[in-house]
Undergrad: 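One structure, as structure tokens, below. Some questions next.
The first residue of the sequence shown is numbered 1, and numbering continues consecutively from there. Just so you know, these numbers use all the heavy atoms, side chains as well, and skip hydrogens, waters and symmetry mates.
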Amino acid sequence: MKTTFTARHFDPSSELHAYAEDAVQKLDQFYDRIITCDIILQPVADDENPQQAELNVKVPQKLLNAKEQASSYEQAINMVIDNIARQLKKYKDITLHQR
């Protein structure tokens with residue numbers, strides 16, 4: 001799986017970058033044919049949840065997308081990973097039934 005990391009409007013720490021990359025590697029356990037995974041982190045104008053994480057995950061014939069906001073980037077990353085994991089399980093079930 002090819003992974004890209006983008007931080008919009010801020011300079012991420014190397015720890016945050018590593019955390020995000022490690023987190024998306026876990027998605028392989030739900031579906032092993034992920035082509036690319038784009039991680040996008042950015043601040044948003046929300047006082048309670050000012051950090052947003054977005055994931056674009058390309059699988060054969062489909063692009064899965066999720067966005068989550070939280071009070072920290074780590075929390076937002078965890079939430080968006082859970083969201084994509086659910087989508088991957090659903091996608092995998094659908095593709096298995098089509099064979």
Undergrad: Taking N65's backbone N and O only, do any of them form a donor-acceptor pair with Q87's side chain (distance below 3.5 Å, no angle check)?
TA: yes

Undergrad: On a heavy-atom basis, which atom in P43 and which in R8 lie closest, and how many Å separate them?
TA: CD-O, 3.1 Å

Undergrad: Hey, what do you get for CG (L88) to CG (D93), rounding to the nearest 0.5 Å?
TA: 11.0 Å

Undergrad: Testing T4, N56, T3 for side-chain hydrogen bond (donor to acceptor under 3.5 Å, both in side chains) with D38, which one passes?
TA: T4

Undergrad: If you define the side chain from C-beta out and look only at heavy atoms, does anything of S13 sit under 4.5 Å from Y73?
TA: no

Undergrad: Only pairs under 3.5 Å count here: list side-chain donor-acceptor contacts from residues 14-26, not counting sequence neighbours, and write none if there are none.
TA:
residue: H17; atom: NE2; partner: E21; partner atom: OE2; Å: 3.1
residue: Y19; atom: OH; partner: N78; partner atom: OD1; Å: 2.8
residue: Y19; atom: OH; partner: N78; partner atom: ND2; Å: 3.0

Undergrad: Could you work out, with side-chain hydrogen bond (donor to acceptor under 3.5 Å, both in side chains) as the rule, every residue matching S71, not counting sequence neighbours?
TA: Q75

Undergrad: On a heavy-atom basis, which atom in A53 and which in V80 lie closest, and how many Å separate them?
TA: O-CG2, 3.7 Å

Undergrad: If you count the non-hydrogen atoms of other residues, nucleotides and ligands that lie under 6.0 Å from CD in Q29, is the total more than 12?
TA: yes

Undergrad: How long is the gap from CD on Q42 to NE2 on H9, to the nearest 0.5 Å?
TA: 6.0 Å

Undergrad: Nearest 0.5 Å, please: how far is CD1 in I34 from NZ in K58?
TA: 12.5 Å

Undergrad: Take L55 and I39, measure what side-chain contact (heavy atoms from CB on, under 4.5 Å) needs, and give me the verdict at the end.
TA: CA-CA 5 Å; L55 270 185; I39 309 159; 3.7 Å; yes

Undergrad: Which atoms form the tightest heavy-atom contact between Q69 and N49, and what is the distance?
TA: NE2-O, 3.3 Å

Undergrad: In this structure, would I35 and I40 fall into the same cluster of hydrophobic residues linked by side-chain contacts under 4.5 Å?
TA: no

Undergrad: Nearest 0.5 Å, please: how far is CG in L27 from CG in D32?
TA: 12.5 Å

Undergrad: What I'd like to find out is whether the side chain of P12 reaches to under 4.5 Å of the side chain of F5, using heavy atoms alone.
TA: yes

Undergrad: Working to the nearest 0.5 angstrom, can you tell me the gap between Q51 CD and E68 CD?
TA: 14.0 Å

Undergrad: Do F30 and I84 have side chains that get closer than 4.5 Å, going by heavy atoms?
TA: no

Undergrad: Is any side-chain heavy atom of I94 less than 4.5 Å from a side-chain heavy atom of Q98?
TA: yes

Undergrad: Roughly how far, to the nearest 0.5 Å, is CE of M1 from CZ of R33?
TA: 14.5 Å

